[in-house]
Undergrad: 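The following block contains the structure, expressed as structure tokens.
Sequential numbering from 1 along the given sequence is applied to the chain's residues.
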Amino acid sequence: SVGQNMLGMLYQYADNPDMKQAVIWYEKAAAQGNYAAQQALGSIYEKGNGVKKDLTKAYHYYRLAAKSGKDYTIKALSDFETKHKLESNP
């Protein structure tokens with residue numbers, strides 16, 4: 001899943017980003033429990049970065065990432081919930 005996440009990053013941050021390919025690779029990594037990919041997808045769907053904005057998908061991925069227990073993923077989930085006026089419901 002680390003390699004798939006890296007491919008997602010390469011597509012996202014290339015000189016000519018290909019968000020369709022980035023999302024494909026992030027989703028493969030996320031499906032294997034890669035919290036960095038889950039976090040990236042949360043942000044991509046929240047902002048509508050190269051994909052249709054989808055707050056339901058964003059919330060899903062932020063919640064998955066937060067299950068890793070990493071501080072930055074928990075903060076991102078909390079920030080998302082505050083911004084969109086949601087209640088935490090792990």
Side-chain angles (χ1 to χ4, degrees):
S1 70
V2 173
Q4 292 167 331
N5 184 58
M6 293 298 290
L7 280 170
M9 291 175 67
L10 286 172
Y11 280 110
Q12 182 177 4
Y13 297 109
D15 288 339
N16 295 310
D18 184 340
M19 292 309 294
K20 183 177 179 182
Q21 282 297 312
V23 168
I24 288 169
W25 287 104
Y26 282 141
E27 286 180 343
K28 289 178 187 224
Q32 296 178 43
N34 185 298
Y35 64 86
Q38 294 163 344
Q39 177 76 21
L41 286 166
S43 177
I44 288 168
Y45 282 113
E46 180 181 12
K47 296 172 184 169
N49 184 8
V51 298
K52 184 178 178 188
K53 186 174 183 176
D54 187 329
L55 297 181
T56 301
K57 281 187 179 180
Y59 191 41
H60 168 74
Y61 283 116
Y62 279 132
R63 288 183 67 194
L64 286 177
K67 288 181 181 181
S68 71
K70 301 292 182 188
D71 288 343
Y72 81 94
T73 62
I74 294 168
K75 182 179 182 333
L77 174 61
S78 176
D79 291 349
F80 180 86
E81 290 172 340
T82 300
K83 181 177 180 182
H84 299 287
K85 300 188 177 20
L86 302 171
E87 290 185 28
S88 181
N89 188 12

Undergrad: Any heavy-atom pair between the side chains of Leu64 and Tyr35 that's under 4.5 Å?
TA: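 Tyr35 vs Leu64: side chains apart.
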Undergrad: For Phe80, which residues count as a ring-ring contact (aromatic ring centres under 6.0 Å, His included) partner, sequence neighbours excluded?
TA: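 Expected list: Tyr59, Tyr62, His84.
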Undergrad: For Ser68, what residues pass the side chain to side chain donor-acceptor pair (under 3.5 Å) criterion, not counting sequence neighbours?
TA: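 With neighbours one apart ignored, the set is Thr73.
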Undergrad: Given side chains that start at C-beta, do those of Lys28 and Ile24 come closer than 4.5 Å, heavy atoms only?
TA: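 A side-chain contact exists here, since the closest heavy-atom pair is under 4.5 Å.
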Undergrad: Indicate the atoms forming the closest heavy-atom contact of Gln4 with Trp25, along with that distance.
TA: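 Nearest pair, atom of Gln4 first, then Trp25: O-CB, 3.4 Å.
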Undergrad: Does Lys75 have any side chain to side chain donor-acceptor pair (under 3.5 Å) partners at least two apart in sequence or in another chain, and if so, which?
TA: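 Asp79.
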Undergrad: Backbone N or O of Ser78 within a donor-acceptor pair of the Thr82 side chain at under 3.5 Å?
TA: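 Yes; judged by distance alone, with no hydrogens or angles, the pair exists.
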Undergrad: Distance-only check: which donor-acceptor pairs under 3.5 Å involve side-chain atoms of residues 36-44, not counting sequence neighbours?
TA:
unit_1 : atom_1 : unit_2 : atom_2 : d
Gln38  : OE1    : Ala65  : N      : 3.4
Gln38  : NE2    : Ala30  : O      : 3.2
Ser43  : OG     : Lys47  : NZ     : 3.3

Undergrad: Return all side-chain donor-acceptor pairs below 3.5 angstrom for residues 7-19, not counting sequence neighbours, or 'none' if the list is empty.
TA:
unit_1 : atom_1 : unit_2 : atom_2 : d
Gln12  : OE1    : Tyr26  : OH     : 2.7
Asp18  : OD1    : Lys20  : N      : 3.3
Asp18  : OD1    : Gln21  : N      : 3.1

Undergrad: If hydrophobic clusters are built from ILVMFWY residues whose side chains come within less than 4.5 Å, do Tyr61 and Val23 share one?
TA: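 Both belong to a single hydrophobic cluster.
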Undergrad: Roughly how far, to the nearest 0.5 Å, is CG of Asn34 from CE of Met6?
TA: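 Separation between the atoms: 10.5 Å.
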Undergrad: Nearest 0.5 Å please: distance from the NE2 atom of His60 over to the OH atom of Tyr45.
TA: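 Those atoms lie 10.0 Å apart.
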Undergrad: Looking at Glu46 and Lys57, does any basic side-chain N land under 4.0 Å from a carboxylate oxygen?
TA: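 No salt bridge links Glu46 with Lys57.
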